[in-house]
Peer 1: 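Below is the structure I would like to discuss, written out as structure tokens.
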Amino acid sequence: MNKHIGIYGGSFNPIHKAHIRLAKALLKEAGLDEVWLMVSPQNPLKSQADLLDDHKRLQLARLALQHERRLVACDYEFRLPRPSYTFDTMQALAADYPDHHFTLLIGGDNWQRFPQWYRHDDLLRRYPIVIYPRADAPIDESTLPAGVRLVHTPLINISSTDIRRRIREGRSIARLVPPAVAEMIQKEGLYKDVPAKA
């Protein structure tokens, strides 16, 4: 079945309610059939040592999305060479799912760093890009190239960094993550020894 799919990559360290609300808003604003939340095993711009185990982050994401019909927690990059470059991921997806149309979903902060991305010019030429706003990264829509557009999704003040800090301080994260995620983090003692900056 031919689908329009948005690729929303990230470390999801851990996934939280703002990720989910944003993905649902992107479904509507970008006219997508599904959003695949691509759990990255290694971001080339981040230290691997700062991340919780890949499969634990994926498990948390799947728990978070278990009742979201059009949102998918995706481990596709786990099977690709590392580090995980977005261009390579998009090319592999296009080859493996030739009937689907893929759109790259990135935040305004990543758009500001986009010239540093591996083969960013090829990404621009080959795939539509949808930018979602970030409070600390204003985007001038008049400067966007063809194939790139800004959507006006809500700004939600939740961060994985704050969640990890709260866990280490023994504070509640119940309002910030889905119940199943909070339960797994507490039961397994996750993030108690992970640095807060990831």
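Since the model is a prediction, treat every value here as computed from it, not as a measurement. Along the sequence shown, residues are numbered consecutively beginning with 1.
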Peer 1: Between L155 and V130, is there a shared hydrophobic cluster once you connect ILVMFWY residues whose side-chain heavy atoms come closer than 4.5 Å?
Peer 2: no
Peer 1: Taking the side chain as every heavy atom from C-beta outward, state whether L27 and L71 have any pair of such atoms under 4.5 Å apart.
Peer 2: yes
Peer 1: Do any pairs count as a side-chain hydrogen bond (donor to acceptor under 3.5 Å, both in side chains) and have a residue in residues 137-146, sequence neighbours left out, and if so which ones?
Peer 2: D140-S142, E141-H152
Peer 1: In terms of side-chain geometry, is the basic nitrogen of D53 or K56 positioned less than 4.0 Å from the acidic oxygen of its partner?
Peer 2: no
Peer 1: Using every non-hydrogen atom in the two residues, find where R113 and W117 come nearest and quote the distance to one decimal.
Peer 2: O-CD1, 3.5 Å
Peer 1: Look up atom CE in M38 and atom OG in S84, then write down how far apart they are to the nearest 0.5 Å.
Peer 2: 9.5 Å
Peer 1: Counting C-beta onward and ignoring hydrogens, is there a side-chain heavy-atom pair between L65 and V72 closer than 4.5 Å?
Peer 2: no
Peer 1: Just verifying a value: how many Å separate L26 CG and T153 OG1, rounded to the nearest 0.5 Å?
Peer 2: 5.5 Å
Peer 1: Determine whether R57 and N13 satisfy the following criterion, side chain to side chain contact (heavy atoms under 4.5 Å, CB included), listing intermediate values before the conclusion.
Peer 2: CA-CA 6 Å; R57 288 183 289 117; N13 192 38; 3.3 Å; yes
Peer 1: Hey, does H19 have a side-chain heavy atom less than 4.5 Å from the side chain of L22?
Peer 2: no
Peer 1: Can you tell if the side chain of L190 reaches within under 4.5 Å of the side chain of P14, non-hydrogen atoms only?
Peer 2: no
Peer 1: Tell me, please, which residues at least two apart from W36 pass ring pair (Phe, Tyr, Trp, His ring centres under 6.0 Å).
Peer 2: Y97, F102
Peer 1: Check ring pair (Phe, Tyr, Trp, His ring centres under 6.0 Å) between Y8 and all other residues, then give those that pass, not counting sequence neighbours.
Peer 2: F12, Y132
Peer 1: Would you confirm whether S40, through its side chain, and G9, through its main-chain N or O, come within 3.5 Å as a donor-acceptor pair?
Peer 2: no
Peer 1: Keeping Q186 on the side-chain end and V181 on the backbone end, is there a donor-acceptor pair under 3.5 Å?
Peer 2: no
Peer 1: Side chains of I131 and V148, heavy atoms from C-beta outward: is any pair under 4.5 Å?
Peer 2: yes
Peer 1: How about K17 and I158: do any of their side-chain heavy atoms sit closer than 4.5 Å?
Peer 2: yes
Peer 1: Let's go through V151 and R149 carefully: what are the C-alpha distance in whole Å and the side-chain angles of both, what is the deciding distance for side chain to side chain contact (heavy atoms under 4.5 Å, CB included) to 0.1 Å, and is it a yes or a no?
Peer 2: CA-CA 7 Å; V151 293; R149 65 187 175 108; 3.8 Å; yes
Peer 1: Report yes or no: do Y127 and Q91 form a side-chain donor-acceptor pair below 3.5 Å?
Peer 2: yes
Peer 1: Quick one: closest heavy-atom pair of R62 and A73, and the distance?
Peer 2: CG-CB, 3.6 Å
Peer 1: Identify the heavy atoms of A61 and V39 that sit nearest to each other, and give their distance.
Peer 2: CB-CG2, 4.2 Å
Peer 1: Please find the pair of heavy atoms, one from R166 and one from S172, that lie closest to each other, and give the distance.
Peer 2: NH1-O, 3.2 Å
Peer 1: Nearest 0.5 Å please: distance from the CD1 atom of I20 over to the CD1 atom of I15.
Peer 2: 5.0 Å
Peer 1: So, does D75 use its side chain to make a donor-acceptor pair with the main chain of F78 at under 3.5 Å?
Peer 2: no
Peer 1: State whether the number of non-hydrogen atoms from other residues, nucleotides or ligands found under 6.0 Å of E188 atom CD is greater than 12.
Peer 2: yes
Peer 1: Got more than 12 heavy atoms from elsewhere within 6.0 Å of CZ, R175?
Peer 2: no
Peer 1: If we only count heavy atoms from C-beta on, is the L104 to I106 side-chain gap below 4.5 Å?
Peer 2: yes
Peer 1: Which residues pass the side chain to side chain donor-acceptor pair (under 3.5 Å) test with N2, sequence neighbours left out?
Peer 2: H101
Peer 1: So, using side chain to side chain donor-acceptor pair (under 3.5 Å) as the criterion, who are the partners of R70 when residues are at least two apart?
Peer 2: none
Peer 1: Under the rule for side chain to side chain contact (heavy atoms under 4.5 Å, CB included), what residues qualify as partners of Q66, not counting sequence neighbours?
Peer 2: L63, A180
Peer 1: Indicate yes or no: does D54 engage R82 in a salt bridge with an N to O separation below 4.0 Å.
Peer 2: yes
Peer 1: Just wondering, do D88 and L80 contact through their side chains at under 4.5 Å, heavy atoms?
Peer 2: no
Peer 1: In Å, rounded to the nearest 0.5 Å, how long is the span from CD1 of I7 to OG1 of T89?
Peer 2: 8.5 Å
Peer 1: Run the numbers on L123 and F114 for side chain to side chain contact (heavy atoms under 4.5 Å, CB included), then give the verdict.
Peer 2: CA-CA 10 Å; L123 276 169; F114 196 71; 4.0 Å; yes
Peer 1: Above 12 or not: heavy atoms from other molecules or residues under 6.0 Å from NZ of K24?
Peer 2: no
Peer 1: Verify side chain to side chain contact (heavy atoms under 4.5 Å, CB included) between L37 and V35, making sure each step is shown before the conclusion.
Peer 2: CA-CA 6 Å; L37 285 78; V35 170; 3.9 Å; yes
Peer 1: Please name the pair of heavy atoms, one in I139 and one in Q112, separated by the smallest distance, quoted to 0.1 Å.
Peer 2: CD1-CG, 4.3 Å
Peer 1: Measure the spacing between CD of Q59 and CE of M184 and express it to the nearest 0.5 Å.
Peer 2: 3.5 Å
Peer 1: From L176 CG over to N157 CG, what is the distance, rounded to the nearest 0.5 angstrom?
Peer 2: 9.5 Å
Peer 1: For the side chain of Y76 and the backbone of A92, is there at least one donor-acceptor N/O pair under 3.5 Å apart?
Peer 2: yes
Peer 1: If I compare all heavy atoms of P154 with all of A25, which pair ends up nearest, and what's the gap?
Peer 2: CD-CB, 4.0 Å
